[in-house]
Amino acid sequence: EVQLVESGGGLVQAGGSLRLSCAASGFTFPFTEYGIAWFRQAPGKEREGISCIISSLGTTHYADSVKGRFTMSRDNAKNTVYLQMSSLKPEDTAVYYCNVRADWGTDYWGQGTQVTVSS
């Protein structure tokens with residue numbers, strides 16, 4: 001069974017930092033991913049894509065709302081992706097989700113981890 005598990009969320013004051021992790025398991029060979037992404041959803045808001053890696057191109061992209069503050073990375077040996085968040089703002093408060101998109105287009109999601117930024 002494919003499983004994505006996010007961790008690292010919590011409560012932090014504005015200006016602080018957090019590092020989120022997403023551990024993947026259950027992907028069977030010859031699985032190939034199109035991309036890996038982080039999304040977030042704040043209360044009453046639509047789910048927002050904030051960062052993604054397009055695997056075939058080796059490129060990383062960020063939404064304007066987090067550009068310059070968040071950094072996405074991956075560790076293939078650990079089957080884990082990370083989101084380093086700095087200069088956090090109250091508007092960053094949301095549930096953060098990990099996403100993997102297979103080459104054939106199927107999306108896989110984690111359960112999310114809560115990030116709360118106090119002012």
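Index from 1, following the sequence. Because the structure is predicted, anything quoted here is derived from the model rather than measured.
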Review point. How would you list, by chain and number, every residue that makes a ring pair (Phe, Tyr, Trp, His ring centres under 6.0 Å) with Phe39, sequence neighbours excluded?
Key: Trp109

**Study point:** All ring pair (Phe, Tyr, Trp, His ring centres under 6.0 Å) counterparts of Tyr108, not counting sequence neighbours
**Key:** Phe27

Euclidean distance, [Y] [atom2] relative to [X] [atom1], rounded to 0.5 Å:
| X | Y | atom1 | atom2 | answer |
| --- | --- | --- | --- | --- |
| Thr59 | Ile54 | OG1 | CD1 | 4.0 Å |
| Ile50 | Asp64 | CD1 | CG | 12.5 Å |
| Tyr97 | Glu48 | OH | CD | 13.5 Å |

Exercise for review: Applying salt bridge (Lys or Arg N to Asp or Glu O under 4.0 Å), name anything that partners Asp75, two or more places apart in sequence or on another chain.
Suggested key: none

Considering residues at least two apart in sequence or located in another chain, which fulfil the side-chain contact (heavy atoms from CB on, under 4.5 Å) criterion with [X]?
| X | answer |
| --- | --- |
| Asp103 | Thr32, Tyr34 |
| Arg74 | Glu33, Ile36, Ile53, Ser55, Asn76, Val81 |
| Glu91 | Lys89 |
| Thr28 | none |

Treating [X] as the side-chain partner and [Y] as the backbone partner, does any N or O pair qualify as donor plus acceptor under 3.5 Å?
| X | Y | result |
| --- | --- | --- |
| Glu6 | Gly112 | yes |
| Thr93 | Val117 | yes |
| Tyr62 | Arg69 | no |

Practice item. Following the transitive rule for hydrophobic clusters with a side-chain heavy-atom cut-off under 4.5 Å over Ile, Leu, Val, Met, Phe, Trp and Tyr, establish whether Leu57 and Trp38 coincide in one cluster. Key: no

Check your understanding: Is Tyr82 reachable from Leu88 through a run of hydrophobic residues whose side-chain heavy atoms are each under 4.5 Å from the next?
Key -> no

Partners passing side-chain hydrogen bond (donor to acceptor under 3.5 Å, both in side chains) against [X] (at least two apart in sequence or in another chain):
| X | result |
| --- | --- |
| Ser7 | none |
| Ser25 | none |
| Gln84 | none |

Exercise for review: Would you indicate whether Gln111, at its atom CD, is surrounded by more than 12 heavy atoms from other residues, nucleotides or ligands within a distance under 6.0 Å?
Suggested key: no

Review point. Nearest heavy-atom pair of Lys78 and Thr80: which atoms, and what distance?
Key: O-OG1, 2.8 Å

Review point. Nearest heavy-atom pair of Ala63 and Gly49: which atoms, and what distance?
Key: CB-O, 3.5 Å

Validation: residues 16-23 side-chain donor-acceptor distances under 3.5 Å, sequence neighbours left out:
none

Review point. Going through the distances and angles, do Val2 and Val100 end up as a side-chain contact (heavy atoms from CB on, under 4.5 Å)?
Key: CA-CA 10 Å; Val2 171; Val100 174; over 6 Å; no

Check your understanding: So which pairs with a foot in residues 55-87 pass disulfide (SG to SG under 2.5 Å), sequence neighbours left out?
Key -> none

**Study point:** Derivation of the side-chain contact (heavy atoms from CB on, under 4.5 Å) call for Val66 and Arg40
**Key:** CA-CA 11 Å; Val66 305; Arg40 68 185 182 185; 3.9 Å; yes

Point to revise | 4.5 Å side-chain heavy-atom contact, Ser86 and Phe70 | key: no

